Amino acid sequence: MRLPRTLPRSLAGQLFAMQALLVAAVVAGCAFFAYASGRSQAEETAARQVRAAALAMAGSPSVREAIRTPDPSAVLQPYAERVRADTGIAFVTIMDPDGVRWTHPDPSQIGRRFIGHTERALAGETFEETYTGTLGPSIRVVTPIRDGGRIVGLVSAGITVERVSTQVREQLGALGTAAGAALALGGLGTYVINARLRRHTHGMNARELSRMHTYHEATLHAVREGLLMLDGRRRVALINDAGRELLGLAPGAVGRRVDELALPAPLTGALLASEPRVDEVHLTADRVIVVNTSPVVGGERRGTVVTLRDHTELQALSGELDSERGFTQALRSQAHEAANRLHTVVSLIELGRVDEAVEFATAELELAQVLTDRVVGAVAEPVLAALLLGKAAQAHERGVELALAEDSLIDDGALPRSLAPRDLVTILGNLIDNAVDAASETATGGGGPVPAQRTGPVRALVTVTALTEGGQLLLRVADTGGGIGPDDADEVFRRGWSTHGTGRGLGLALVRQAVHRNGGTVTLGAAPDGGAEFTVRLPLTGRAAVAEVVGP
């Protein structure tokens with residue numbers, strides 16, 4: 001919608017027009033006030049001047065002596081004209097008590113009656129009035145002349161209104177110049193300010209700015225990606241709902257510095273970095289997020305625009321996909337191994353060794369069935385049971401034996417619905433994967449020295465304990481690997497820590513995050529065979545207040 005042509009289009013233009021009118025109105029008001037005040041002061045000055053002249057003449061002894069003479073005009077007329085010329089007033093009229101003039105600037109008016117009021121002067125009062133006489137409108141003062149106790153004459157001194165107006169007009173010229181200069185200066189300052197405002201508002205008018213703000217607010221609340229804007233001092237200038245949820249921040253985060261938000265150190269470092277960051281994966285207490293930062297260049301201050309994407313679900317799906325891929329590879333390998341065994345059985349039968357073929361096949365079936373029966377009998381939770389059987393197949397392919405502890409027992413329905421099966425897969429799956437890695441490397445001589453307390457041949461073994469006790473789910477994974485030193489106990493759960501080089505070290509960080517999300521604890525200790533032992537406890541009745549990570 002376009003604004004009427006009589007109004008400027010941009011907000012800066014509208015403000016310029018309004019400010020210019022306001023400056024003009026203020027200057028005009030000040031000029032009028034100065035004119036009225038100057039005229040009043042001029043009239044007051046003129047009144048004081050004529051009063052002083054009239055009183056001086058009325059009190060002069062020479063005036064009283066001249067009045068006593070037979071022809072007062074002969075003495076008083078020159079005297080009055082001299083006083084008028086010296087003081088710059090318009091007229092000085094000396095008259096008798098009846099108002100007959102003895103003096104006048106126009107000699108032809110001498111002997112005529114005074115035009116004006118004399119009653120108050122005859123009563124002994126000195127008064128002031130504005131009256132129209134022979135010289136036009138004038139400001140005059142009339143005062144009595146006393147000789148002893150008797151009034152022997154009157155003196156009237158005055159200045160014409162025209163002369164006062166002339167003086168005011170002369171002052172008005174200077175006032176107009178000052179007012180014009182003030183108006184020009186005010187207009188120039190207004191133009192400079194509004195030119196700056198026009199640059200900041202990009203020439204948009206008030207309606208467009210209001211509409212943009214409305215869309216801006218709606219977009220911030222509607223977009224599912226997190227958006228965070230930092231000012232030049234690395235304070236939060238803006239954050240939308242998704243960003244606050246992803247970072248786990250309270251509503252009062254705006255205005256606080258990034259290093260005051262209690263975020264993980266790697267994430268804080270990424271937000272404070274001056275260089276751009278592209279698709280960096282970071283972990284918060286509950287989520288895996290992808291961070292992109294872009295510095296803002298230009299303007300009064302530099303800042304940073306940060307976008308946040310929730311990678312938690314994708315990471316969980318990726319982990320499940322990796323597990324499924326591992327299961328597939330294990331099944332393919334088992335199928336290949338089963339084919340070899342089947343060929344062996346067939347060959348034994350063809351050779352007439354039926355008893356040996358039956359014994360060979362039965363032994364293989366018993367070995368495969370023992371773990372299956374043990375898992376199915378002890379773990380009624382289908383997700384955990386399937387995970388354990390799949391991981392057992394994977395471990396077997398790597399030469400590691402996966403065993404379920406004798407005291408493991410999880411009854412059907414023991415786990416609440418609030419405990420997400422995906423979190424169980426994340427926790428137990430990553431712990432078993434790390435344990436299998438450690439056990440297989442130690443067994444093949446690639447995992448460092450064998451612990452001193454271990455004697456005899458190295459056996460690659462991972463023992464899993466899964467049971468419910470005291471209102472908690474206990475998951476314990478122990479391996480026969482090289483263990484974790486005390487110096488690394490605090491770093492093992494940090495993203496990026498790994499004994500396998502760069503690009504790894506996410507599994508245990510996800511374990512801690514899943515444990516934290518469900519209000520549990522994860523404990524790192526030493527296994528009986530010298531390897532590492534991770535113990536996870538998850539509450540079965542509601543979420544605990546704070547998750548805990550405990551080292552050995």
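We use all heavy atoms of the structure for the numbers below, so side chains are in, but hydrogens, waters and symmetry mates are not. Computed from a prediction, not measured in an experiment: that's the story for all the values here.
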Student check: side-chain heavy atoms of [X] and [Y] closer than 4.5 Å:
{"X": "T126", "Y": "V141", "answer": "yes"}
{"X": "L267", "Y": "L247", "answer": "yes"}
{"X": "V142", "Y": "H117", "answer": "no"}
{"X": "L228", "Y": "V236", "answer": "yes"}
{"X": "R234", "Y": "S274", "answer": "yes"}
{"X": "R140", "Y": "Y131", "answer": "yes"}

- Hey, mind stepping through T304 and L271 against side chain to side chain contact (heavy atoms under 4.5 Å, CB included) and telling me if it holds? CA-CA 8 Å; T304 306; L271 297 181; over 6 Å; no
Side chain of [X], backbone of [Y]: donor and acceptor closer than 3.5 Å?
{"X": "T293", "Y": "R277", "value": "yes"}
{"X": "N240", "Y": "E225", "value": "yes"}
{"X": "D423", "Y": "A514", "value": "no"}
{"X": "Q49", "Y": "T87", "value": "yes"}
{"X": "R101", "Y": "Q109", "value": "yes"}
{"X": "D98", "Y": "V100", "value": "no"}
{"X": "S156", "Y": "T93", "value": "no"}

Closest non-hydrogen atom pair between [X] and [Y], with its separation:
{"X": "V306", "Y": "V291", "answer": "CG1-CG1, 4.0 Å"}
{"X": "I115", "Y": "T132", "answer": "CG2-O, 4.0 Å"}
{"X": "A54", "Y": "A157", "answer": "CB-CB, 4.0 Å"}
{"X": "I427", "Y": "V511", "answer": "O-CG2, 3.8 Å"}
{"X": "A90", "Y": "P105", "answer": "O-CG, 3.7 Å"}
{"X": "I94", "Y": "M57", "answer": "CD1-CE, 3.5 Å"}

- Report the C-alpha separation of L508 and N434 in whole Å, then their side-chain angles, then the decisive distance to 0.1 Å, and conclude whether the side chain to side chain contact (heavy atoms under 4.5 Å, CB included) test is met. CA-CA 8 Å; L508 290 178; N434 285 349; 3.1 Å; yes
- Starting from the C-alpha separation in whole Å, work towards a yes-or-no answer on side chain to side chain contact (heavy atoms under 4.5 Å, CB included) for F127 and E129. CA-CA 7 Å; F127 69 94; E129 67 174 353; 3.9 Å; yes
Once you round to the nearest 0.5 Å, how far does [atom1] of [X] lie from [atom2] of [Y]?
{"X": "F534", "Y": "N430", "atom1": "CZ", "atom2": "CG", "answer": "11.0 Å"}
{"X": "R48", "Y": "E128", "atom1": "CZ", "atom2": "CD", "answer": "10.5 Å"}
{"X": "R113", "Y": "T118", "atom1": "CZ", "atom2": "OG1", "answer": "7.5 Å"}
{"X": "R84", "Y": "I89", "atom1": "CZ", "atom2": "CD1", "answer": "8.0 Å"}
{"X": "T521", "Y": "L538", "atom1": "OG1", "atom2": "CG", "answer": "7.5 Å"}
{"X": "I145", "Y": "I151", "atom1": "CD1", "atom2": "CD1", "answer": "10.0 Å"}

Taking [X] first and then [Y], would you say they form a salt bridge - that is, a charged N and a carboxylate O separated by under 4.0 Å?
{"X": "R309", "Y": "D279", "result": "yes"}
{"X": "R68", "Y": "E65", "result": "no"}
{"X": "R233", "Y": "D231", "result": "no"}

- Would you call the rings of F91 and H104 parallel, tilted or perpendicular, where under 30° means parallel and over 60° means perpendicular?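 Because their plane-to-plane angle is under 30°, the rings of F91 and H104 count as parallel.
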- Using the side chain to side chain contact (heavy atoms under 4.5 Å, CB included) rule, take R146 and V152 through it: C-alpha gap first, then chi angles, then the decisive distance, then the call. CA-CA 6 Å; R146 299 177 185 273; V152 295; over 6 Å; no
